[in-house]
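This report concerns only the one structure given below.
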Amino acid sequence: MAINLLAWYQKNHRQLPWREDLDPYKIWVSEIILQQTRVAQGIEYYLRFLEKFPDIKTLANSPMEAVYTIWQGLGYYRRAFLIHQGAKFTVEHYDGLLPKSLHELKKIPGIGTYTAAAIASIAFNEPVIALDGNLKRIAARVGCIKEVMGTSVFEKQAMNELKRFFPFNCPGDGNQALMDLSALICTPKNPQCRICPLNAICCAHATGTQMDYPLKATKIPKKDRYFWYLVHSKNGLIAFSRRNFNDIWGGLWEFPLIETSSANELDFLMAFKKKYPDMVLRVSKMVTIPKPHILSHQRIFTTLVHVNNPLLNIPDIEYFDKNNFPPSSTLVKKILAQIV
DNA sequence: AAATCGGGGTG
DNA sequence: CACCCAGATTT
């Protein structure tokens, strides 16, 4: 069955800033930014990132703080840490030039199976399929795959389905064609099967079961967390501390934090006394934010504990001027906009 | 294999 | 409101 996938792509492809040339570094940056991120949201970050870090060596030689500053608000902040590590790794091991082989690309921090395949196919014309969420949805529908998406068996079956018609002579365009097709035609809801270039070979279209695929895993319920931010400002300076890297907003800055498992104020006082036994807290007022901050798998309930005394006894604390705040989460930025 | 990591657009 | 997005890493 002849498929006019590339013809469809040539006529209908999206014009995107990382498609203007085939610089492997630019492809790399775009792929990291777009991980689990919508194209529309990523474009501005991509442009600002390349303006600040125009090449690998500039990125490698920049302080980590500068990368986090650009990454603010984008989410999944480990990506910022890892692309910086990846740039330093590339300078050290590959003289600042991305390697061309799939195997070598996957050694670079932050580059996994998908991203390595995307860079190799788009920038180096290597005949490999870059299996992202877009391609998984197409494969699941074309092949009526009965496995749950996310399992290794599903991925193997998805690759087998795509191999049947993937244009290995044009792998870069082939992958991007499938991504655009999935984003524009084979959408999660209301897929436009009537104008899809793959409809002649699609099992789901033939059986009218488009919305049954892909099969999804049962979702994890949201966890509730309770943050008590100690807000102290003096002489136009505000107290901050850096979050651990093994939790949400890792590496970003926030107000000194006490976390509890309930909204009970007594729990906060006990947790504070346990964490800082020798410190007296002079609270001027407590303000509970009415709505929780919503993340994919968590709800963050926040209370601002305005404090009169300096927080000098808390370790790893720094005071920042309100005209020079450190990189911080969307939640902290909203709070800052309220209190400054 | 399962859990974890954000934020925002969409129907 | 649920769902999902050019996934990788850790456990």
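Naming convention: chains lettered A, B, ... in sequence-line order (proteins, then strands); numbering from 1 in each chain.
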Closest to the 5' end of DNA chain C, once L16(A) and K222(A) are matched to their nearest nucleotides, is K222(A)
With the side chain counted from C-beta on, respond yes when F227(A) and V332(A) share a heavy-atom pair under 4.5 Å apart, and no when they do not.
no
The nucleotide from dG7(B), dA6(C), dG7(C) with an atom nearest the side chain of L295(A) is dG7(B)
Taking the side chain of L34(A) as heavy atoms from C-beta outward, which of dC5(B), dG7(B), dA6(C) is closest to it?
dA6(C)
N/O-N/O pairs, protein side and nucleotides 9-11 of chain B side, under 3.5 Å:
residue, atom, partner, partner atom, Å
dG9(B), N2, R38(A), NH2, 3.4

Grab the CD1-P distance between I300(A) and dG6(B) for me, whole Å please.
10 Å
Between dA8(C), dC5(B), dC4(C), spot the one nearest the side chain of D247(A), thanks.
dC5(B)
Any side-chain N or O of W249(A) less than 4.0 Å from the OP1 or OP2 oxygen of dG7(B)?
yes
Spell out yes or no: do the side chain of T37(A) and the base of dG6(B) have one donor N/O and one acceptor N/O closer than 3.5 Å?
yes
Taking only N and O in the side chain of Y76(A), is any of them less than 4.0 Å away from OP1 or OP2 of dC5(C)?
no
For Q35(A) and dG7(C), what is the distance between atoms CD and C1' respectively, to the nearest whole Å?
5 Å
Has the side chain of S296(A) got a donor or acceptor that lies under 3.5 Å from a partner of the other kind on the base of dG7(B)?
yes
Proximity of F272(A) and Y276(A) rings by center, below 6.0 Å
yes
May I ask you to verify if any side-chain N or O of T330(A) is less than 4.0 angstrom from the OP1 or OP2 atom of dG7(B)?
yes
Could you tell me whether the SG atom of C186(A) lies less than 2.5 angstrom from the SG atom of C196(A)?
no
Atom NE2 of H93(A) and atom CD1 of I108(A): how far apart are they, to the nearest 0.5 Å?
9.5 Å
Between dG7(C) (C1') and Y77(A) (OH): distance, integer Å
17 Å
Any H293(A) side-chain nitrogen or oxygen under 4.0 Å from OP1 or OP2 of dG6(B):
no
Anything under 3.5 Å between a donor and an acceptor, one on a side chain of residues 264-271 of chain A, the other on a protein residue two or more places apart or in another chain? List them.
residue, atom, partner, partner atom, Å
N264(A), OD1, L266(A), N, 2.8
D267(A), OD2, S262(A), OG, 2.5

What N/O pairs connect the protein and nucleotides 9-11 of chain C at under 3.5 Å? Give each pair on its own line.
residue, atom, partner, partner atom, Å
dT9(C), OP1, G110(A), N, 2.5

M179(A) atom CE is separated from dC4(C) atom P, nearest whole Å, by 19 Å
Side-chain atoms of I248(A) come closest, of dA8(C), dA6(C), dC5(B), to dC5(B)
Within this structure, what is the CD1-to-C1' distance between I43(A) and dG7(B), rounded to whole angstrom?
16 Å
Rounded off to whole Å, could you give me the OH-to-P distance for the Y68(A) and dG6(B) pair?
10 Å
With sequence neighbours left out, what residues match E44(A) under salt bridge (charged side-chain N to carboxylate O under 4.0 Å, His left out)?
none
Please determine, for the side chain of R79(A), which listed nucleotide (dG6(B), dT4(B), dG7(C)) has the closest atom?
dG6(B)
What contact category does R137(A) fall into here, base, sugar-phosphate, or nothing, at under 4.0 angstrom with non-hydrogen atoms?
sugar-phosphate
Decide, yes or no, whether a salt bridge links E259(A) with R225(A) under the criterion of side-chain N to carboxylate O below 4.0 Å.
yes
Other members of the hydrophobic cluster containing L102(A), with the 4.5 Å side-chain heavy-atom rule, please.
V128(A)
Please determine if a side-chain N or O atom of K223(A) lies less than 4.0 Å away from the OP1 or OP2 oxygen of dT4(B).
yes
Might you work through the salt bridge (Lys or Arg N to Asp or Glu O under 4.0 Å) test for R48(A) and E51(A), ending with a clear yes or no?
CA-CA 5 Å; R48(A) 285 195 295 130; E51(A) 186 177 352; over 6 Å; no
Who else is in M149(A)'s hydrophobic cluster (ILVMFWY, side-chain heavy atoms under 4.5 Å, direct or via others)?
I145(A), F154(A)
Side chains of L59(A) and Y25(A) in contact at under 4.5 Å (non-hydrogen atoms):
yes
Tell me whether the OP1 or OP2 atom of dA1(B) has a side-chain N or O from S152(A) closer than 4.0 Å.
yes
Is there a side-chain contact between Q36(A) and the phosphate of dC5(B), meaning an N or O under 4.0 Å from OP1 or OP2?
no
Rounded to the nearest angstrom, tell me the gap between atom OH in Y45(A) and atom C1' in dG7(B).
8 Å
